[in-house]
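Input: a single structure, listed below in structure tokens.
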Amino acid sequence: MRILILGGTTQASQLARALAGRDDVSPILSLAGRTQNPLPVPIPSRIGGFGGVDGLVAFLRAEKIDLVVDATHPFAAQMSAHACAACQRAKIPLLVFSRPAWTPGEGDQWTEVADMEAAVAALGATPRRVFLTQGRLQLAAFAAAPQHFYLVRAIDEPAELALLPRHKFVSARGPFALEDELALMRDENIACLVTKNSGGEATSAKLLAARILGVPVVVVARPPGGDAEQASRLAEVLHWLEAHRPTP
Ligand code: NAP
């Protein structure tokens, strides 16, 4: 059973580890190539875009892919839309494996917004010390509010940092522990946190830290998903793979 995993997330790595070493499956992990030094994976992998829907259809056929698991980040909307279209065209079953969205709990001060431009507007006119955790993508939007100081955390240093007159960059890769998030936010005197609603446990400690410290959070909502089948737990994915095993 030839399985294409669209990755770039902890879900994709988790699935890759679960399938590694099995002789009844032949998985391949695909990464966009955004991170300079991706973590090693125990299955074959490829890096780089496919060249749109047509390129992905050609890849699925050339590699004789039986099943596709879209384990891209919930905000990787273009790749997910391409996967949906390509799998429909190639008549290959597709499953979306994604973590559930975060929801606010008691004591949280969340402002939920539709996109990064709305997140910038939600910071207001008065200068604040803002912790940006959305990674490299869409950092440029914050150039529209140069009055704020930005603590920017990402894996690789973004070129767009130069657009922010007052900033500090922290290079780090999750998972993040609560005590480290508390220390960072206290040390940097953070007054507001901005995050995408990525979901998952690896990066949720910042939300708890914000609750404990009474720091308001601007949360960017997820883009709408497609109509492919969805799973949020590894066991469901493994079950789906077995249920869709092609008959010899
Ligand atoms: P995107 O906007 O949905 O995709 C842009 C293009 O990048 C796609 O059309 C595709 O190029 C290529 N691409 C994306 N994911 C790919 C994959 N797994 N394998 C091969 N090509 C891929 O994606 P994005 O938001 O830039 O995210 C890029 C990668 O970073 C994804 O793997 C995603 O899981 C990961 N990531 C994203 C975020 C986020 O917030 N967006 C956060 C953490 C990790 P072609 O059209 O040429 O095929």
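All ligand and atom numbering here is 1-based and tracks the order in the structure. Remember, predicted model here, so these are calculated numbers, not experimental data.
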* Asked: With atoms numbered from 1 as shown, which atoms in ligand 1 lie under 4.0 angstrom from a non-hydrogen atom of Leu31?
  -> 17 (C), 18 (N), 19 (N), 20 (C)
* Give the residue and atom name of whichever protein heavy atom lies nearest to atom 48 (O) of ligand 1, and the separation in Å to one decimal. => Phe50 N, 2.7 Å
* Asked: Is there at least one pair of N or O atoms, one from Lys196 and one from ligand 1, spaced under 3.5 Å apart?
  -> yes
* To do: Using a 4.5 Å cut-off on heavy atoms from C-beta on, say whether the side chain of Ile5 contacts that of Ile3.
  => yes
* Compare Ala32, Ser45, Ser80 and give the one whose heavy atom is closest to atom 29 (C) of ligand 1. => Ala32
* Asked: Is there a donor-acceptor pair under 3.5 Å between the side chain of Arg222 and the backbone N or O of Ser198?
  -> yes
* **SB check Arg153 Glu181 (cutoff 4.0 Å)** => yes
* To do: With heavy atoms under 4.0 Å as the rule, classify the contact between Ala77 and ligand 1 as side chain, backbone, both or neither.
  => backbone
* Atoms of ligand 1, numbered as shown, that sit under 4.0 Å from any heavy atom of Gln78 -> 1 (P), 2 (O), 3 (O), 4 (O), 5 (C), 6 (C), 8 (C), 9 (O)
* Asked: Hey, is Asp156 close enough to Arg34 for a salt bridge, meaning N to O under 4.0 Å?
  -> no
* Under 4.0 Å from a heavy atom of Gly49: give me the atoms of ligand 1 that qualify, with their elements. => 11 (O), 21 (N), 45 (P), 47 (O), 48 (O)
* **Atoms in ligand 1 with a heavy atom of Arg46 nearer than 4.0 Å** => 20 (C)
* Asked: Is atom CG of Asp227 surrounded by more than 12 heavy atoms (other residues, nucleotides or ligands) closer than 6.0 Å?
  -> no
* **ligand 1 atoms in contact with His82 (distance to a heavy atom under 4.0 Å)** => 9 (O), 46 (O)
* Is a side-chain donor or acceptor of Thr133 paired with a backbone partner of Val194 at a separation under 3.5 angstrom? -> yes
* To do: Answer yes if Phe149 and Val152 sit in the same cluster of Ile, Leu, Val, Met, Phe, Trp and Tyr residues linked by side chain heavy atoms under 4.5 Å apart, and no otherwise.
  => no
* With a cut-off of 4.0 Å, which atoms of ligand 1 are near a heavy atom of Phe75? -> 25 (O), 39 (C), 40 (O), 41 (N)
* Taking atom types as modelled, find out whether Ser26 and Arg2 have a side-chain donor-acceptor pair closer than 3.5 angstrom. => yes
* **Residue, atom name and distance, where the atom is the protein heavy atom closest to atom 3 (O) of ligand 1** => Met79 N, 2.8 Å
* Structure fact -> Residue, atom and distance of the protein heavy atom nearest atom 35 (C) of ligand 1 read Gly8 O, 3.8 Å
* **Arg34 N/O under 3.5 Å from ligand 1 N/O** => yes
* Asked: Taking side chain as C-beta onward, heavy atoms only, is Lys206 less than 4.5 Å from Phe176?
  -> no
* Asked: Which residue supplies the protein heavy atom nearest to atom 46 (O) of ligand 1, what is that atom called, and how far is it?
  -> Gly52 N, 3.1 Å
* Given side chain to side chain contact (heavy atoms under 4.5 Å, CB included), test Asp54 with Arg89 step by step and report yes or no. => CA-CA 9 Å; Asp54 291 344; Arg89 211 194 287 171; 2.9 Å; yes
* Asked: Salt-bridged, Asp66 to Arg245, with N to O below 4.0 Å?
  -> no
* Regarding Arg129 and the six-membered ring of Tyr150, is the cationic atom NZ or CZ under 6.0 Å from the ring centre and inside 45° of its axis? -> no
* Would you call Arg22 and Glu242 a salt bridge, taking side-chain N to carboxylate O under 4.0 Å as the test? -> yes
* Option whose closest heavy atom lies nearest to atom 24 (P) of ligand 1, chosen from Ala76, Gly51, Ala86, Ala83 -> Ala76
* List the closest protein heavy-atom neighbour of atom 41 (N) of ligand 1: residue, atom name, distance to the nearest 0.1 Å. => Leu137 CD1, 3.4 Å
* Asked: Non-hydrogen atoms of Leu56 versus ligand 1: any pair closer than 4.0 Å?
  -> no
* Structure fact -> When distances are taken from atom 36 (N) of ligand 1, the protein heavy atom at minimum range is His73 CB, 3.6 Å
* Structure fact -> Numbered in order shown, the ligand 1 atoms found under 4.0 Å of a heavy atom of Gly7 are 18 (N), 31 (C), 32 (O), 33 (C), 34 (O)
* Asked: Would you call Ala71 a ligand 1 contact, heavy-atom distance under 4.0 Å?
  -> no
* With heavy atoms of Ser30 as the reference, note each atom of ligand 1 found under 4.0 Å away. => 17 (C), 18 (N), 19 (N), 20 (C)
